[in-house]
Number of protein chains: 2
Amino acid sequence: MRITSSIEYATRLMTALARAHGGEPVAAERLAESDNVPADYVSQILLKLRRAGLVESRRGSAGGYALSRPPERITLSEVVRAVDGDVFEDVCEKYDSGEKNCRHQDACSISPVWRGLGEAVTRYLESVTLASILDGSAGSCGAAPRWLEAMNAAAGRKK
Amino acid sequence: MRITSSIEYATRLMTALARAHGGEPVAAERLAESDNVPADYVSQILLKLRRAGLVESRRGSAGGYALSRPPERITLSEVVRAVDGDVFEDVCEKYDSGEKNCRHQDACSISPVWRGLGEAVTRYLESVTLASILDGSAGSCGAAPRWLEAMNAAAGRKK
DNA sequence: CCATTCCCGACGGTTTTAGTCAAGAATGGC
DNA sequence: GCCATTCTTGACTAAAACCGTCGGGAATGG
């Protein structure tokens, strides 16, 4: 259970783009410098972000990348999913084999736990927007009330 | 971001031991069979669990493993930490290099986010006990109110 | 003394991660 | 049309992590 470099870098890049939002597109190389991300690696990550529809690109001399939506409307959840796939997916299928599969034994009562964990993580990541990272309100400090709000809402709509 | 096999297996083993709690110690090989975990791998995982103080072992003919505490008093958080170390640790140190380190740039506003995520995960895992897995109350279904309770408590004691 | 069972370090194969590289295609300026 | 700039994309490699396997040893109980 760890934050991969792709996730960390993608978050940095998106944060930098959020800061530049509204202005000219930013070239990949410039992002690499300012965010301290290996130059040739940047393109790969940005490619995933573009395919996920989070950024738009323009080629040519004045080209570069820009957010495809305002920073308030992009959550960390989307960023993470773009570069790393769904969180905590496919636990059950992976470690069961033979006839005694997940449905027939103890693991049965375990899988909902992982699902619950995945939901908790997703919910947290959804509560963090690029804008909230920029203005420093994201994270443990001021975010606690925000969570409770989100969780109450989630509980309310009886997900 | 995924559940490793060690985590999954450790959880299964602990659940099985929880079920056997109060009776005789269970041999590793028996656990391997009933939980569908590779035989030689079991010992390794149990070793970590023992070093973490979660299980106790006895050698010899009637030997085996047993929980060192009742199932209500062992949380998944402890199990996960025993086999996988702390969750989401050391993000900052890993991907920063050179002078422009974490404290001097954007990453600064990012690291509290990862810390918050780690706390959210830990809080969830702490809310799941072996007992709650056994009686099926753990997981997404009936757990939502339980979370809110835990989170309110956490917010209350101003962690 | 012997069978059983835990103890524990070391080893190897596979998969994932992290990063590099190079050829190509679009864009804008001249 | 030509050129510099910048994105596009797949292939490639090195290192790390993961997932076990193996074998010798040390308790324990009979």
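Each chain gets a letter, A, B and so on, in the order the sequences are listed, and its residues count up from 1.
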Check: So does B:Gln44 reach the base of D:dT21 with its side chain, donor to acceptor, closer than 3.5 Å?
Finding: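 By the distance-only test, yes, there is a pair.
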inquiry  = If you assign each of A:Met1 and A:Leu46 to its closest nucleotide in DNA chain D, which residue comes earlier from the 5' end?
reply    =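 Checking each residue's closest nucleotide, the 5'-ward one belongs to A:Leu46.
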Just the rounded figure in Å: distance from [atom2] of [N] to [atom1] of [X].
X: A:Ile7; N: C:dT17; atom1: CD1; atom2: C1'; answer: 12 Å
X: B:Asp40; N: C:dC8; atom1: CG; atom2: P; answer: 16 Å
X: A:Lys48; N: D:dT8; atom1: NZ; atom2: P; answer: 15 Å
X: B:Glu24; N: C:dT5; atom1: CD; atom2: C1'; answer: 14 Å
X: B:Ile45; N: D:dT21; atom1: CD1; atom2: C1'; answer: 13 Å
X: A:Asp35; N: C:dG19; atom1: CG; atom2: C1'; answer: 17 Å
X: A:Leu47; N: C:dG19; atom1: CG; atom2: P; answer: 17 Å
X: B:Glu29; N: C:dC6; atom1: CD; atom2: C1'; answer: 12 Å

Tell me whether the side-chain N/O atoms of [X] come closer than 4.0 Å to OP1 or OP2 in [N].
X: A:Tyr9; N: C:dA18; answer: no
X: A:Ser5; N: C:dA18; answer: yes
X: A:Tyr41; N: C:dT17; answer: no

Is there a donor-acceptor pair closer than 3.5 Å between any side-chain N or O of [X] and the backbone N or O of [Y]?
X: B:Arg69; Y: B:Arg73; answer: yes
X: A:Asp84; Y: B:Met1; answer: yes
X: A:Tyr124; Y: B:Val113; answer: yes
X: A:Thr122; Y: A:Gly118; answer: yes
X: A:Gln44; Y: A:Tyr41; answer: no

**Item:** Earlier contact from the 5' end, DNA chain C, for B:Ala27 and A:Ala39
**Value:**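 Going by which nucleotide is closer to the 5' end, it is B:Ala27.
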Of all the choices, [options], which nucleotide is nearest to the side chain of [X] once you look at every atom?
X: B:Pro38; options: D:dT21, D:dC19, C:dG19; answer: D:dT21
X: A:Arg2; options: D:dT8, C:dT17, D:dC19; answer: C:dT17
X: A:Ser43; options: D:dT9, D:dC19, C:dC7; answer: D:dT9

Check your understanding: Considering only heavy atoms from C-beta outward, does the side chain of A:Ser68 approach that of A:Val55 to under 4.5 Å?
Key ->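 SC-SC contact between A:Ser68 and A:Val55 ruled out.
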message = Base, sugar-phosphate or nothing for A:Ala28? Non-hydrogen atoms, less than 4.0 Å.
response =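 Result for A:Ala28 = sugar-phosphate.
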Under 4.0 Å between any heavy atoms, over every strand shown, what does A:Arg51 touch: base, sugar-phosphate, or nothing? Just pick one.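 Sugar-phosphate, backbone atoms only, no base.
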### Short N-O contact, B:Arg12 and B:Glu8, less than 4.0 angstrom
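Result for this pair is yes, salt bridge flagged.
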Exercise for the section: Enumerate the residues from residues 56-64 of chain A whose closest heavy atom to DNA chain C is under 4.0 Å, giving them by residue number; use none for an empty result. Expected result: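 The answer is A:Arg59, A:Gly60, A:Ser61.
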How far apart are the closest heavy atoms of A:Ala10 and A:Val79, and which atoms are they?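 Where A:Ala10 meets A:Val79 most closely, the heavy atoms are CB-CG1, 3.8 Å.
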